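Remarks on the structure that follows.
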Amino acid sequence: MWKNLRQCFSFTVVFFLFPWHARPRNYAHELESSRLEMVSVEFGDYHPLKPITVTESKTKKLGRKGSTSSTSSSSSSSMLDPLSSVLDGTDPLSMFAAAAEPPLSVNAKKKRDKEESLTVGSDFEPWSSKRGEILARYTTNEKLSIVRKASTPGSAVSEKVRTRLEELDDLEEGSQKELLNLTQQDYTNRIEELNQSLKDAWASDQKVKALKIVIQCSKLLSDTSVIQFYPSKFVLITDILDTFGKLVYERILSMCTDNRNTLPENFTPESVNDTAKETCLNWFFKIASIRELIPRFTLSNHLFRGISECLPRLTSMIRGIGDPLVAVYARAYLCRVGMKVAPHLKESLNKNFFDFLLTFKQIHGDTVQNQLVLQCVEIPLYLTLYSPAIDWILQCISYRAAEDYINCAEIWMEYTCRHFTKREVNTVLADVIKHMTPDRAFEEAYPQLQSIVQKVITYFHDFSVLFSLEKFLPFLDMFQKESVRVEVCKCIMEAFIKHQLETTKDPVILNALLHVCKTMHDSVNALTLEDEKRMLASLINGFLRMVSFGRDFEQQLSFYVEARSMFCNLEPVLVQLIHSVNQLAMETRKVMKGNHSRKTAAFVRACVAFCFITIPSLTSIFSRLNLYLLSGQVALANQCLSQGDAFFKAAISLVPEVPKTINIEGKMRPSEAFLLEFLCNFFSTLLIIPDHPEQGVLFLVRGLLNVIQDYTWEDNNDDKIRIYTNVVHLLSAMSQETFIYHVDKVESNDTLYGGDTKFLAETSKLCETVIAQILDHLKNLGKDETLKRQSQLALYFFSSILAHGDLRNNKLNQLAVNLWNLAQKHGFADTKTMVKTLEYIKKQSKYPELSHFSELALRLPLQSRT
């Protein structure tokens with residue numbers, strides 16, 4: 001309990017013992033009298049809130065060396081199109097290969113070329129495995145036919161060639177009637193019959209008939225009258241072409257061997273005998289005489305196998321095909337042949353793909369659009385017809401590609417995010433996982449994988465869509481190096497905080513981001529820098545602030561409880577959780593308009609309990625002090641009086657543990673200024689806290705004063721006395737008939753005691769004891785080196801008595817005069833402040849209730865400095 005510390009002082013100016021008399025206050029009147037005088041502002045006049053307009057001069061200024069400097073306006077630069085390199089003929093795959101591969105010696109290059117010239121291995125998915133799927137997917141109920149466009153040989157064609165073509169035309173004319181108005185099954189059966197007829201004609205040495213059959217079938221590839229059936233037609237027709245190419249190749253190959261000589265596996269033209277060369281040349285002439293492009297192109301594919309130099313020329317031939325759908329399947333067919341002839345020659349494969357990209361815009365042309373309208377085919381359905389051909393071309397390009405895959409995937413991911421939907425993005429993510437998981441290849445590609453994540457979150461601002469991507473979280477699992485994984489998580493959280501404009505309770509988002517935040521939190525250890533901890537905590541707090549379950553307050557509290565268990569190593573996160581739970585309790589109070597039901601009263605007590613349990617786990621003592629105070633205020637506002645008392649008692653018991661210095665941004669600073677600020681706030685709260693019925697009058701105030709008295713204060717400052725002065729303010733406010741503020745539905749001491757004389761006597765007695773401490777301290781400052789501090793403190797205490805004391809009491813009035821004289825006795829007084837104070841006293845004396853100030857003003861002399 002508080003000791004009686006009153007005693008006499010022997011200043012040069014004598015202080016008398018006196019009872020404290022608080023000045024009666026009319027707070028409403030004081031508020032009204034302190035309002036600023038209102039002045040009307042006419043339209044057009046200067047307004048203090050009017051924004052200041054700064055006109056920037058466009059005149060160029062000369063730099064220090066006479067150079068002209070100009071202001072450049074920032075403009076948003078368009079992002080680089082990942083396909084823009086196609087326009088200048090640059091191949092991205094070749095660029096990556098050139099940058100990544102070191103130069104090889106001549107012998108090494110020869111060895112490499114020899115190894116790569118081998119046929120494709122079992123890891124390459126053959127065309128035959130795709131055949132059945134295409135035939136099953138691309139079907140039609142339309143009637144099919146074989147349409148042949150008759151052509152007349154030109155005058156420049158030799159008589160021998162014209163005769164052969166007329167024979168071919170005769171065969172085609174006879175076949176046309178048989179292939180009109182066929183169902184899909186009939187069409188398929190007829191193609192199979194032609195395939196068998198080809199084999200039979202070849203076996204019976206009817207080579208010209210076999211050629212005519214192949215030419216007739218090749219022409220069918222230019223027919224898109226039933227466009228949705230075209231992929232299946234391509235499969236059926238190319239079966240015949242494959243058969244013909246195999247027969248021709250085997251016949252010529254058989255001419256090169258006899259019982260005595262055999263060709264090596266990788267033979268050259270020089271190894272072939274003259275008979276085989278002549279037969280081969282004859283076939284070249286036959287194919288060259290075909291007038292239509294598509295038959296000539298398709299047959300050239302098979303007759304030129306083994307001559308890889310012809311691939312670029314055949315690639316260029318496709319540019320003459322006007323229909324983009326027919327052209328892309330022609331490219332796919334050429335890539336099939338190329339993979340058989342020279343799978344290592346990627347240039348031809350790449351050229352086919354980029355030629356397709358450049359001509360893809362033809363689908364928006366009038367020719368294609370009119371055709372689609374005529375056949376009642378929508379664009380989405382039409383685009384699916386390209387899939388088998390593009391899939392095959394890309395498979396050929398990517399076969400046995402270098403550790404450059406990830407560089408390409410990085411670029412294509414941006415293209416996919418910009419122009420496609422989440423389904424395509426998910427497909428690309430799945431493909432990257434498929435390629436980078438074996439042999440832990442991802443460990444060498446963290447920068448590219450990070451870039452892919454950055455591109456995805458740049459274009460997907462709806463995080464419910466982002467986390468609904470099936471492969472996004474598995475993609476994040478590839479970041480198994482902790483430092484990289486944390487950086488990726490930070491990027492995700494930064495994007496969420498930036499782009500998530502509304503609070504969310506989406507379970508997909510919450511579960512995913514809790515996992516991301518948990519990853520960041522678990523990376524913290526004893527060696528983690530404070531700046532890094534602050535950054536991680538800031539990101540996690542940003543996430544926590546965006547989570548809201550609306551009126552489901554119990555679910556919100558459960559989320560905070562879970563978050564507390566997950567993020568216990570980051571103190572700023574715990575502080576945020578305590579603030580959030582306090583806010584949750586106040587929102588509950590707002591919803592109930594201060595009238596809690598039994599259920600809501602139990603809920604706010606649960607919130608209070610959360611805070612009371614969590615605060616002791618904090619290491620920062622001032623965080624604990626301030627949160628104890630704040631949580632106690634929240635408890636009071638929700639009529640949890642006993643819980644509020646527990647918070648305030650905990651805060652009082654913690655004050656003795658405040659160290660002399662604390663770490664502020666890496667520097668050790670004195671703590672007394674922070675303690676002074678906290679105690680002043682605490683005194684403001686103590687005013688409205690009702691006394692506990694079992695603890696006695698002003699129990700918390702007395703307990704806090706005991707702690708302040710026992711605390712070891714620095715000798716070179718006056719913070720303790722400034723605190724005591726604030727206690728005088730508090731006790732004076734407690735002596736008023738009605739307090740200046742209250743908590744709704746909480747009865748403070750002014751209501752409980754109702755101006756009881758015993759209560760007022762107790763506050764006055766306690767105030768006198770505090771004043772005695774102040775005066776004793778002033779006495780001890782009477783030494784030469786502390787006279788300035790004595791002067792400042794005397795004036796400070798004088799101002800407190802002036803504001804809160806009833807100076808109609810003669811002894812208190814005399815004490816004020818003595819303090820005034822002491823403040824300027826040794827010449828250290830702030831004359832300007834004393835002049836303003838005296839002017840204030842004279843001004844206040846004009847009010848009837850303060851008329852005695854006029855007499856006080858006469859007793860306060862001003863001394864000039866010596």
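If you're wondering where the values come from, they're calculated on a predicted model, not measured in any experiment.
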- [ ] State, to 0.1 Å, how close Leu194 and Ile213 come at their nearest heavy-atom pair, and which atoms those are.
- [x] O-CG2, 3.9 Å
- [ ] Taking atom CD of Glu125 as the centre, report whether more than 12 heavy atoms of other residues, nucleotides or ligands fall under 6.0 Å from it.
- [x] yes
- [ ] Please tell me if the side chains of Val214 and Thr243 come closer than 4.5 Å, counting only heavy atoms from C-beta onward.
- [x] no
Task: Nearest non-hydrogen partners of Ile318 and Ala327, listed with the distance - done: CG2-O, 3.7 Å
- [ ] Would you please name every residue forming a ring-ring contact (aromatic ring centres under 6.0 Å, His included) with Tyr138, sequence neighbours left out?
- [x] none
Task: Nearest non-hydrogen partners of Ile509 and Ser464, listed with the distance - done: CD1-N, 3.5 Å
Task: Spacing of Ile240 atom CD1 and Gln216 atom CD [to the nearest 0.5 Å] - done: 8.5 Å
Task: CA sep, side-chain torsions, deciding dist, call: Tyr230, Val326, side-chain contact (heavy atoms from CB on, under 4.5 Å) - done: CA-CA 9 Å; Tyr230 190 84; Val326 176; 3.6 Å; yes
Task: Heavy-atom closest pair, residues Ile134 and Pro388 - done: CD1-CB, 3.7 Å
Open item on the list: Can you tell me how far apart SG (Cys396) and CZ (Arg336) are? Round to the nearest 0.5 Å.
Closed with: 9.5 Å
Open item on the list: Taking side chain to side chain donor-acceptor pair (under 3.5 Å) as the definition, give me every residue that meets it alongside Gln375, ordered by chain and number, with sequence neighbours left out.
Closed with: none
Open item on the list: Is it true that Tyr329 and Asp323 share a donor-acceptor pair across their side chains at a distance under 3.5 Å?
Closed with: no
Open item on the list: Over 60° means perpendicular and under 30° means parallel, so tell me whether Tyr386 and Tyr382 are parallel, tilted or perpendicular.
Closed with: perpendicular
Task: Atom pair CG/CZ of Leu466 and Phe472 - distance to nearest 0.5 Å - done: 4.5 Å
Task: Non-neighbouring partners of Phe124 that pass ring-ring contact (aromatic ring centres under 6.0 Å, His included), sequence neighbours left out - done: Trp392, Tyr399
Task: Contact check, side chains of Lys209 and Trp202, non-hydrogen atoms, under 4.5 Å - done: no
TODO: Flag the pair Ile492 / Leu513 as yes when at least one side-chain heavy-atom distance between them is below 4.5 Å, and no otherwise.
DONE: yes
Open item on the list: For a quick check under 3.5 Å, do Glu410 and Ser451 share a side-chain donor-acceptor pair by atom type?
Closed with: yes
Task: Beyond-backbone contact of Gln184 with Asn189, side-chain heavy atoms, under 4.5 angstrom - done: no
TODO: Go through the side-chain N and O atoms of Thr183 and Gln185 and say whether any donor and acceptor fall under 3.5 Å apart.
DONE: no
Task: Phe420 side chain near Val425 side chain, heavy-atom distance below 4.5 Å - done: no
Task: Set of residues satisfying ring-ring contact (aromatic ring centres under 6.0 Å, His included) with respect to Phe442, sequence neighbours excluded - done: none
- [ ] May I have the step-by-step check of side-chain contact (heavy atoms from CB on, under 4.5 Å) for Arg331 and Phe353, ending in yes or no?
- [x] CA-CA 8 Å; Arg331 298 187 189 282; Phe353 179 66; over 6 Å; no
Task: Verdict with reasoning, Val456 to Cys417, per side-chain contact (heavy atoms from CB on, under 4.5 Å) - done: CA-CA 6 Å; Val456 172; Cys417 291; 4.1 Å; yes
- [ ] Over all heavy atoms of both residues, which pair between Ile321 and Ala330 is shortest? Give the atoms and the distance, please.
- [x] CD1-CB, 3.9 Å
TODO: Compare all side-chain heavy atoms of Ile457 with those of Cys491 and state whether any distance is below 4.5 angstrom.
DONE: yes
Task: Chi angles and distances behind the side-chain contact (heavy atoms from CB on, under 4.5 Å) call for Leu241, Ser218 - done: CA-CA 8 Å; Leu241 297 178; Ser218 298; 3.3 Å; yes
Open item on the list: I want to check something: taking the side chain as every heavy atom from C-beta on, are Arg319 and Asp355 in contact at a cut-off of under 4.5 Å?
Closed with: yes
- [ ] For the pair Phe360 and Phe356, name the ring-plane relationship: parallel under 30°, tilted 30 to 60°, perpendicular over 60°.
- [x] perpendicular
Open item on the list: Can a side-chain donor-acceptor contact be found between Thr224 and Gln371 if the only test is distance below 3.5 angstrom?
Closed with: yes
Open item on the list: Just verifying a value: how many Å separate Gln454 CD and Tyr459 OH, rounded to the nearest 0.5 Å?
Closed with: 11.0 Å
Task: Geometric class of the Tyr446/Phe479 ring pair [parallel <30°, tilted 30-60°, perpendicular >60°] - done: parallel
- [ ] Measure up the His499 and His461 rings against each other and bin them: parallel (under 30°), tilted (30 to 60°), perpendicular (over 60°).
- [x] parallel
Task: With Phe460 via ring-ring contact (aromatic ring centres under 6.0 Å, His included) - residues at least two apart - done: none
Open item on the list: Can a side-chain donor-acceptor contact be found between Gln196 and Asp200 if the only test is distance below 3.5 angstrom?
Closed with: yes
TODO: Name all pairs fulfilling the salt bridge (charged side-chain N to carboxylate O under 4.0 Å, His left out) condition that reach into residues 378-388, sequence neighbours left out, sorted by first residue then second.
DONE: none
TODO: State, with a plain yes or no, whether a side-chain heavy atom of Thr139 is found less than 4.5 Å away from one of Phe229.
DONE: no
- [ ] Check the side chains of Thr504 and Asp506 for a donor-acceptor pair under 3.5 angstrom, ignoring hydrogens and angles.
- [x] no
Open item on the list: With rounding to the nearest 0.5 angstrom, report the CG to CD1 distance, Leu349 to Ile393.
Closed with: 9.0 Å
Open item on the list: Other residues, nucleotides and ligands only: do more than 12 of their heavy atoms fall within 6.0 Å of CG on Asn370?
Closed with: yes
Open item on the list: To the nearest 0.5 Å, what is the distance between CE on Met317 and CG on Leu334?
Closed with: 9.5 Å
Open item on the list: Do the side chains of Glu133 and Lys130 get close enough for a salt bridge, i.e. N-O under 4.0 angstrom?
Closed with: no
